[in-house]
Amino acid sequence: MTGDERYSSPLSEDESTGSVVLTYGAPFLGTLLVAVGLAGGTLGGYAIAQSELGLCGNPTIVVYSPAETAQYTNPGGPTLERFSAAELTAGERHAFEEALRSPRQVADVRSEFVHRDAFRRGVLVTTGGTARYVTISSTNPCLSVDPLLFPLGVVAILLGILGILTPPLYRKLLEREERAGRTPR
């Protein structure tokens, strides 16, 4: 079959409109579905894996040195809530002590964080007679996206691929119909 033999009969108005929709509209819609599916699938997949990989959930505190703390306790500065290390919960105290040993002076609070609001505003924690300014440096919240986005994204990608492949499939269907119309029965 040559290219001239493919469309030997003129197309009717309905066939022409259907052909344009299948040739241009379906791939365009398919491309949009793939783009939306990639975004939704990526967000949904990340929402599923983030807590398993430890990428969210534990707020991080930072403990400042006594010299830096003096800047925050100057007269006229903000009034900060004061705690002794013994007043902190076990998780808060563990994070405070870990931050003191850390070269970056940060640590995660991995259990109950009763004084979260006070730490968010900044507090002074006294241990061994030395007060240190402590505040939350990162809250690391989990991405609050419905994990259902992952399977919906995969379905959108598959439908999009089908839409993109519609023109070659449509051409194959036309060729098959033409061959069937020419073969004697």
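The distance from atom CG of Leu152 to atom CG of Asp146, rounded to the nearest 0.5 Å, is 8.0 Å. To the nearest 0.5 angstrom, Glu177 atom CD is 11.0 Å from Glu175 atom CD. The distance from the CG atom of Leu149 to the CD1 atom of Ile48 is 9.0 Å, given to the nearest 0.5 Å. The CD1 atom of Ile136 lies 4.0 Å from the CZ atom of Phe113; values are rounded to the nearest 0.5 Å. Annotation: the span from Glu112 atom CD to Thr89 atom OG1 amounts to 5.0 Å, rounded to 0.5 Å.
If you chain together hydrophobic residues whose side chains sit under 4.5 Å apart, Val134 and Val106 never meet in one group. At a threshold of 4.5 Å between side-chain heavy atoms, the hydrophobic network of Ile, Leu, Val, Met, Phe, Trp and Tyr places Leu173 and Val20 in two separate groups.
The backbone N or O of Val114 lies less than 3.5 Å from a partner atom in the side chain of Glu92, making a donor-acceptor pair. Between the Thr130 side chain and the Thr126 main chain, no donor and acceptor come within less than 3.5 Å of each other.
Across all their heavy atoms, Ser65 and Arg132 have their closest contact at CA-NH1, 3.8 Å. Taking each heavy atom of Val125 and Ser84 in turn, the nearest pair found is CG1-C, 4.4 Å. Minimum heavy-atom separation, Arg93 to Leu88: NH1-O, 2.9 Å. Shown here for Ala107 and Ala99, the closest heavy-atom pair between the two residues is CB-N, 3.7 Å. Taking all atoms of both residues into account, the shortest heavy-atom contact from Ile164 to Pro167 is O-CD, 3.4 Å.
Residues satisfying the salt bridge (charged side-chain N to carboxylate O under 4.0 Å, His left out) criterion with Glu81, sequence neighbours excluded, are Arg121.
Screening Leu124, Val63, Val123 against Tyr133 for a side-chain contact (heavy atoms from CB on, under 4.5 Å) leaves a single residue, Leu124.
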Would you list the atom pairs, donor with acceptor, under 3.5 Å between side chains in residues 26-44 and any protein atom, with sequence neighbours excluded?
| unit_1 | atom_1 | unit_2 | atom_2 | d |
| --- | --- | --- | --- | --- |
| Thr31 | OG1 | Pro27 | O | 2.8 |
| Thr42 | OG1 | Leu38 | O | 2.6 |

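Taking the side chain as every heavy atom from C-beta outward, Phe119 and Ile61 approach each other to under 4.5 Å. Inter-residue side-chain proximity for Lys172 and Pro168 is flagged as unmet; no heavy-atom pair is nearer than 4.5 Å.
Counted within 6.0 Å of NE2 on His94, heavy atoms from surrounding residues, nucleotides or ligands total 12 or fewer; the atom is thus considered open. In the displayed structure, Phe83 atom CZ is contacted under 6.0 Å by more than 12 heavy atoms of other residues, nucleotides or ligands.
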message = Walk me through whether Leu143 and Tyr46 qualify under side chain to side chain contact (heavy atoms under 4.5 Å, CB included).
response = CA-CA 8 Å; Leu143 179 65; Tyr46 181 75; 3.6 Å; yes
message = For a side chain to side chain donor-acceptor pair (under 3.5 Å) check, start with the C-alpha distance between Gln105 and Ser102, then their side-chain angles and the critical distance, and finish with the verdict.
response = CA-CA 5 Å; Gln105 299 176 319; Ser102 168; over 6 Å; no
task = Could you give me the CA-CA distance, side-chain angles and deciding distance for Ile161 and Ile157, then say whether side chain to side chain contact (heavy atoms under 4.5 Å, CB included) is met?
result = CA-CA 6 Å; Ile161 290 171; Ile157 290 170; 4.0 Å; yes
request  = Just do the side chain to side chain contact (heavy atoms under 4.5 Å, CB included) check on Thr135 and Arg120 with the steps written out, would you?
outcome  = CA-CA 6 Å; Thr135 188; Arg120 187 174 293 135; over 6 Å; no
